Enquirer: 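Shown below is the structure under consideration.
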There are 4 protein chains.
Amino acid sequence: MALNNVESLFAASLQDSDLSAKQKAVLRASLTLFADKGYDRTSTADIARLAGVSEGTVYKRFKTKRDIFEAITTPFVDQVLPTAAGEFFKEISTAGFPDFRSLLTFAVHDRIVFGLANRRELKIFVQEIVADPQMFNALAARASQLFTKGLAPLFKQFQDTGELVQWDAIRIGRYIISTVLGYVLPSVIARTPEQNVDQATQEIVEFLLKGLHP
Amino acid sequence: MALNNVESLFAASLQDSDLSAKQKAVLRASLTLFADKGYDRTSTADIARLAGVSEGTVYKRFKTKRDIFEAITTPFVDQVLPTAAGEFFKEISTAGFPDFRSLLTFAVHDRIVFGLANRRELKIFVQEIVADPQMFNALAARASQLFTKGLAPLFKQFQDTGELVQWDAIRIGRYIISTVLGYVLPSVIARTPEQNVDQATQEIVEFLLKGLHP
Amino acid sequence: MALNNVESLFAASLQDSDLSAKQKAVLRASLTLFADKGYDRTSTADIARLAGVSEGTVYKRFKTKRDIFEAITTPFVDQVLPTAAGEFFKEISTAGFPDFRSLLTFAVHDRIVFGLANRRELKIFVQEIVADPQMFNALAARASQLFTKGLAPLFKQFQDTGELVQWDAIRIGRYIISTVLGYVLPSVIARTPEQNVDQATQEIVEFLLKGLHP
Amino acid sequence: MALNNVESLFAASLQDSDLSAKQKAVLRASLTLFADKGYDRTSTADIARLAGVSEGTVYKRFKTKRDIFEAITTPFVDQVLPTAAGEFFKEISTAGFPDFRSLLTFAVHDRIVFGLANRRELKIFVQEIVADPQMFNALAARASQLFTKGLAPLFKQFQDTGELVQWDAIRIGRYIISTVLGYVLPSVIARTPEQNVDQATQEIVEFLLKGLHP
DNA sequence: CATGAATGAGTCTTCATTCAT
DNA sequence: AATGAATGAAGACTCATTCAT
């Protein structure tokens with residue numbers, strides 16, 4: 001499965017970039033510190049120290065501290081999320097899931113793995129979303145689009161076979177996402193040690209299948 | 001129902017306190033600003049300005065900015081939450097719900113109302129929880145305690161009547177909380193206008209009842 | 001003569017202001033340093049050091065370094081120059097000079113004294129005018145207005161008596177100003193020790209009277 | 001007339017120099033930027049960008065930013081000014097002006113043309129003279145020397161014919177220079193569009209002739 | 001010669017905190 | 001109790017200068 005190495009998309013985007021080794025160290029250090037302490041509680045001196053570079057180097061490529069934040073999050077929104085989503089839907093299309101349980105199992109497992117593989121990016125996102133609702137709205141819009149375009153037809157298919165309740169896609173998606181996030185976020189926020197992803201997937205799917213049955 | 005005016009518990013805790021009118025204004029201003037901009041992006045000068053007091057007055061009672069934060073959140077954790085929870089359980093006990101649907105409907109509705117009534121406090125909490133996992137752990141511990149002590153017996157009762165699936169209380173609670181938060185949090189974070197709480201309650205209960213049916 | 005204590009207008013404007021003693025010290029130190037080293041070569045640390053205050057105090061009243069500059073120069077443009085000009089014209093009107101020589105002698109002497117009394121402010125002005133032409137244009141506009149409104153009628157009077165050549169006021173003014181500045185500016189720029197103002201006045205008037213005679 | 005292309009003296013000094021094309025570009029860019037924004041407000045990165053070279057190249061020949069400044073101004077003081085002055089005096093000697101008016105007309109016109117042709121260099125000079133009196137003193141000394149050696153005898157000649165008032169050369173020169181600068185400097189500082197040099201020359205000469213007549 | 005990444009001292013500015021009045 | 005001027009330790013950011021390639 002291609003998606004459990006999503007973290008490597010960030011690493012790859014670093015390699016593809018024309019950033020020097022030190023600039024990459026700056027991004028890596030920033031990622032760590034933003035996730036650990038939050039954007040506001042991370043100073044550019046902290047970043048320089050952890051990256052092992054001078055403070056001037058931090059500002060050579062990135063004009064402002066906010067630019068660093070965006071250099072980390074923008075690829076996540078503009079590339080990682082859509083890319084991942086793209087692979088996600090491609091997988092779904094090509095896989096040709098025989099029933100809703102198969103689809104749900106794949107999707108839940110995939111998203112849990114994705115979320116845990118990107119703990120730090122996710123945490124930074126959550127922090128910023130809470131601090132600045134603007135980003136929440138941007139994400140919500142993007143998610144809503146993915147939903148109505150990508151998921152609704154998929155749901156329709158299983159609603160026709162009588163495997164999925166006849167609620168609108170937004171409502172169904174909301175319950176799925178809530179349940180998955182209820183599992184992933186505590187781990188992301190509290191640095192909980194790795195848990196049994198397969199078992200969690202089975203449990204969540206068991207609950208959702210019943211809750212979403214007609 | 002007593003719980004939809006939980007906000008007044010904060011107000012009451014202000015009245016009970018030995019704080020002067022200006023000190024109370026400081027707390028109120030801090031509550032607003034912390035919720036709007038976050039703790040880190042709120043300066044003590046901001047607080048003084050909004051409270052209509054001098055910067056010196058802010059520090060007369062509260063030795064540090066962090067003290068203000070704790071003056072807001074500690075009562076919330078140590079009094080408001082337990083108090084609310086206490087009323088919540090008292091209500092449950094005295095009400096004597098005839099079936100699980102009644103209990104779930106009450107509980108979901110009550111928590112939605114509580115969450116929406118305390119948007120600002122909730123947002124501050126979420127911000128701090130994400131920024132500093134320590135508070136998350138403290139809350140998780142407290143919640144876990146409430147669960148095993150308060151909810152598990154309650155669940156047992158309906159599990160015995162065959163209305164509730166035989167999963168452990170933590171798992172059941174996690175799904176319920178996730179689903180409710182999936183409705184409340186977007187509203188809290190994005191300042192979404194008021195929605196139809198009763199309809200949302202019905203929908204959520206409909207989903208949960210199926211998902212949690214044996 | 002009221003105008004040879006123009007420097008006290010700045011001092012007076014300090015006293016009238018609601019600035020604390022330390023804030024006034026900041027302005028005084030800034031005036032000295034801006035004049036000595038120029039705006040760009042003066043750091044806010046320099047200002048704090050010379051004023052004997054902390055760097056925070058510098059920024060308590062003035063939000064930016066540029067604000068300090070404007071706190072010094074704006075009164076100069078908006079009050080000192082017009083005020084001085086006002087007194088200048090008042091003096092001229094009430095004095096009722098019998099001939100052009102009397103007027104010119106008074107004016108030249110007065111402007112030399114004014115310029116030398118305000119060496120530092122003048123130097124700051126010249127520095128900024130050269131660095132940023134915008135201020136030059138603002139001043140030129142103001143000066144032009146004073147000219148056509150205030151001086152042209154005065155010149156007309158002596159042109160009618162045949163004491164002053166029939167050139168337009170701008171041209172006449174330009175020669176007078178050039179000649180006076182040719183005396184004052186070197187002293188302002190090079191910190192030349194005090195010279196004999198009365199003799200210089202006599203010499204300049206002697207030259208101008210001939211040059212401007214019909 | 002050789003002197004209205006004095007700018008080419010700078011270009012020539014660039015050609016004569018052993019500087020590479022890129023080094024010359026650095027000097028040209030510096031000239032432009034120093035004149036536009038001032039020395040302090042021009043960064044070496046600005047210079048490199050406008051010159052189309054790397055920052056390293058800027059420092060290959062010039063050890064410090066100040067060196068660039070001096071590479072521009074020193075030739076101007078040490079070569080351009082004297083050279084120009086040399087041509088100026090040579091012209092005067094060989095021309096053999098029949099009367100003081102002819103001399104003055106030539107000199108005024110020549111200096112106006114010179115000043116306008118070298119706006120940018122002049123502006124840099126004025127900026128530095130105002131910011132650092134040291135350069136003023138150096139220039140004043142040099143000018144004083146040119147005066148007493150070069151001009152005084154010339155003046156003497158016309159004082160003997162009764163065309164020029166019997167003041168000392170410094171005083172006469174000061175009035176002439178002041179009046180010419182009063183015309184040239186505003187244009188240099190404020191980027192005023194080209195004006196009628198010939199008319200201005202006539203007017204200035206008309207004024208000076210009267211003012212300097214015995 | 002040329003490059004441009006890297007440096008670190010220094011700049012302007014903010015802000016939690018103190019204290020004399 | 002209340003004020004608000006004062007503080008100084010950071011914080012973000014700039015820039016002249018160096019040096020390995």
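Throughout, protein chains are lettered first and strands after them, A, B, ... in sequence-line order, and every chain is numbered starting at 1. All values reported here derive from a predicted model rather than from experimental measurement.
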Enquirer: Which residues pass the salt bridge (charged side-chain N to carboxylate O under 4.0 Å, His left out) test with A:D46, not counting sequence neighbours?
Expert: A:K37, A:R49

Enquirer: C:Y59 and C:T64: which non-hydrogen atoms are nearest, and at how many Å?
Expert: CE2-CA, 3.8 Å

Enquirer: Calculate the interatomic distance between B:K24 atom NZ and F:dA2 atom P; express it in whole Å.
Expert: 12 Å

Enquirer: Counting only pairs under 3.5 Å, give me each side-chain donor-acceptor contact of residues 25-32 of chain C, with atom names and distances, residues two or more places apart or in other chains.
Expert:
residue	atom	partner	partner atom	Å
C:S30	OG	C:V26	O	2.8
C:T32	OG1	C:R28	O	3.1
C:T32	OG1	C:R120	NH1	2.8

Enquirer: Only counting residues at least two apart or in another chain, list the ones meeting salt bridge (charged side-chain N to carboxylate O under 4.0 Å, His left out) with B:K65.
Expert: none

Enquirer: Treating primed atoms plus P, OP1 and OP2 as sugar-phosphate and everything else as base, which nucleotides of nucleotides 13-21 of chain E get B, S or - for protein heavy atoms under 4.0 Å?
Expert: BB-BBB---

Enquirer: Could you check whether any side-chain heavy atom of A:E128 comes within less than 4.5 Å of a side-chain heavy atom of A:P133, counting everything from C-beta outward?
Expert: no

Enquirer: Side chains of D:I47 and D:F34: does their closest heavy-atom pair fall under 4.5 Å?
Expert: yes

Enquirer: With pairs taken as Watson-Crick or G-U wobble and both distances under 3.5 angstrom, which stems of at least three consecutive pairs involve DNA chain F?
Expert: E:2-21 with F:2-21

Enquirer: Between atom CZ in D:F62 and atom P in F:dC15, what is the gap in whole Å?
Expert: 21 Å

Enquirer: Given that D:Q23 and A:K22 both sit by DNA chain E, which one's nearest nucleotide is further toward the 5' end?
Expert: D:Q23

Enquirer: Indicate whether OP1 or OP2 belonging to E:dA2 is found under 4.0 Å from a side-chain N or O atom of D:S20.
Expert: yes

Enquirer: For C:L19 and F:dG4, give me the distance from atom CG to atom C1', rounded to whole Å.
Expert: 14 Å

Enquirer: So B:F125 and B:L139, do their side chains get closer than 4.5 Å, heavy atoms only?
Expert: yes

Enquirer: What residues form a side chain to side chain contact (heavy atoms under 4.5 Å, CB included) with D:E70, not counting sequence neighbours?
Expert: D:R66, D:D67, D:T73, D:T74

Enquirer: Ignoring the backbone of A:V53, work out which of E:dT7, E:dT3, F:dA6 is nearest its side chain.
Expert: E:dT7

Enquirer: Using whole Å, report how far CD1 of B:I47 lies from P of F:dG4.
Expert: 17 Å

Enquirer: Which whole-number value in Å describes the distance from A:R49 CZ to E:dT7 C1'?
Expert: 16 Å

Enquirer: Rounded to the Å, how far apart are A:D67 CG and F:dA12 P?
Expert: 14 Å

Enquirer: Heavy atoms, side chains only, cut-off 4.5 Å: are D:F69 and D:I124 in contact?
Expert: yes

